[in-house]
There are 2 protein chains.
Amino acid sequence: MAFLLSRLGFEVGRELGHALAGLGLEVRHFGLLRLLADRKGHSQRALGAMLRITPNRMVALIDDLESRGLIERRPHPADRRAYAVTLTGAGSALLDQALQAALDLEVRTCRPLEAEEREQLLGLLRKLAEAKDALNNEALAGIHPGMPASDED
Amino acid sequence: MAFLLSRLGFEVGRELGHALAGLGLEVRHFGLLRLLADRKGHSQRALGAMLRITPNRMVALIDDLESRGLIERRPHPADRRAYAVTLTGAGSALLDQALQAALDLEVRTCRPLEAEEREQLLGLLRKLAEAKDALNNEALAGIHPGMPASDED
DNA sequence: TATTGTTATACTCTATAACTATA
DNA sequence: TATAGTTATAGAGTATAACAATA
């Protein structure tokens, strides 16, 4: 079952990549845009910690999206070393399209299942994910906050 | 749900990698050893086509496992250009250990679920995988056999 | 002294295109 | 001519360690 889960997850991830490619986005771009829609004005390091992306890679990722006018590096109100990374109007609009593409994929992925089966599957996957989160939060509780610290990932 | 599936699948795959690391194996090694246990004496290209690994990468992969005495390049009975790649006794023994490690991971992964729920989940994942296979086989039916041909993957 | 963003360097992984020996 | 295995080269992606500005 673990094998099946891994394989399906890998394929769905790849399909999401294909779906986003039409918008000129990759999965990591999507992840950052999605995060910026919820949590506003965070520093690059804070965002990287949430996404498990190291500081040097965040530079390239943010350079990329900023050069396309989708996000902005604004001065951070409390720390002149840092930027407050912010979604622009164009970024928000493209994110909406990306979310729509993800929803289409969702529908396509679920098509082989009956409505009732989808609910079952969703519930079971949630249960697994929550159990895993509980484990991770416990394990991460003792770690210095703000740092990726993904040595023993 | 697609997102949840992708995330869980990714994490399980990573955990399998950690479980195999103790045996000095990576997931790709495991995949090849597993394949060799079932289908004996195939050429490198045939194996690569099944695993979606290009010929040049197969060389390095097989070099690696052969240098550790886990597999052998024997002369191919019907084609002097090719090798009949074969699992050795040591390879078979290590594969058994790897399968045991994978089974342990399976048990750990399923722990948050009741026995009945596991059956449900397994059934639903199988249904999704089979639907996907049906699609792929149809799409692949027109492609020249024996070639990876992963242009539009 | 520690931290934010950045850059430079090296290293790994991979794809592509050659090459040889056979078919 | 096409195919099996191999090798060489170049390119992408990444980690690591430095750096200047600020805390």
Side-chain angles (χ1 to χ4, degrees), chain A residues 10 13-14 17 21 24-29 31-32 36 39 41-67 71-86 143-153, chain B residues 10 13-14 17 21 24-29 31-32 35-36 39-67 71-86 143-153:
Chain A
F10 180 76
R14 195 170 51 184
L25 293 176
E26 297 171 26
V27 178
R28 50 185 145 185
H29 299 131
L32 178 55
L36 289 176
R39 318 202 171 195
H42 279 268
S43 72
Q44 295 186 185
R45 285 186 114 92
L47 294 168
M50 299 177 210
L51 297 169
R52 310 230 170 184
I53 294 177
T54 53
N56 57 334
R57 289 197 294 147
M58 280 301 285
V59 173
L61 183 58
I62 290 184
D63 279 353
D64 191 355
L65 292 175
E66 189 176 37
S67 72
I71 65 178
E72 271 179 1
R73 279 189 250 237
R74 297 190 183 163
H76 195 288
D79 187 338
R80 281 192 297 168
R81 295 173 303 180
Y83 293 116
V85 183
T86 313
I143 291 183
H144 202 93
M147 264 305 294
S150 51
D151 232 354
E152 282 300 316
D153 225 13
Chain B
F10 180 77
R14 193 169 54 184
L25 294 176
E26 297 170 26
V27 177
R28 50 185 145 184
H29 299 131
L32 179 55
L35 191 59
L36 289 176
R39 319 203 170 195
K40 302 182 189 271
H42 280 269
S43 71
Q44 298 187 184
R45 285 186 113 93
L47 295 167
M50 300 177 208
L51 297 170
R52 310 230 169 182
I53 294 177
T54 52
N56 58 334
R57 290 197 293 147
M58 281 300 286
V59 173
L61 184 57
I62 291 183
D63 279 353
D64 191 355
L65 292 175
E66 189 176 37
S67 73
I71 65 178
E72 272 180 2
R73 279 188 250 237
R74 297 190 184 163
H76 195 288
D79 187 339
R80 280 193 297 168
R81 295 172 303 180
Y83 292 117
V85 183
T86 314
I143 291 184
H144 203 92
M147 265 304 296
S150 51
D151 232 357
E152 283 297 319
D153 225 5

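The sequence lines fix the lettering, A, B, ..., with proteins before strands; numbering per chain opens at 1.
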**Request:** Grab the CG-P distance between A/L61 and C/dT6 for me, whole Å please.
**Result:** 12 Å
**Message:** Return a single string for nucleotides 8-23 of chain D, one symbol per nucleotide in 5' to 3' order, where B is base contact, S is sugar-phosphate-only contact and - is none, cutoff 4.0 angstrom on heavy atoms.
**Reply:** ------SBB----BBS
**Asked** Roughly how many Å is it from CG in A/D63 to C1' in C/dT7, rounded to a whole number?
**Response** 11 Å
**Item:** Gap between atoms CE and P, on B/M58 and D/dA4 respectively (whole Å)
**Value:** 12 Å
**Item:** With sequence neighbours excluded, residues passing salt bridge (charged side-chain N to carboxylate O under 4.0 Å, His left out) with B/R39
**Value:** none
**Request:** Calculate the interatomic distance between B/R74 atom CZ and D/dG5 atom P; express it in whole Å.
**Result:** 16 Å
**Asked** Rounded to the nearest Å, what distance is computed from the CG atom of residue A/L47 to the P atom of nucleotide C/dT6?
**Response** 12 Å
**Item:** Side-chain heavy-atom pair B/K40, B/T86 within 4.5 angstrom cut-off
**Value:** no
**Fill in**
The salt bridge (charged side-chain N to carboxylate O under 4.0 Å, His left out) partners of B/R80 (sequence neighbours excluded) come to none
**Message:** Which residues pass the salt bridge (charged side-chain N to carboxylate O under 4.0 Å, His left out) test with A/R57, not counting sequence neighbours?
**Reply:** none
**Request:** Round to a whole Å and report the spacing from CD of A/E66 to P of C/dG5.
**Result:** 12 Å
**Item:** Interatomic distance, B/R45 CZ vs C/dA23 C1' [rounded to whole Å]
**Value:** 13 Å
**Item:** Partners passing salt bridge (charged side-chain N to carboxylate O under 4.0 Å, His left out) against A/R73 (at least two apart in sequence or in another chain)
**Value:** A/D63, A/E66
**Request:** Taking side chain to side chain donor-acceptor pair (under 3.5 Å) as the test, write out the residues that go with A/R28, two or more places apart.
**Result:** A/E26
**Request:** Mind calculating the distance between CD (B/Q44) and C1' (C/dT22) to the nearest angstrom?
**Result:** 15 Å
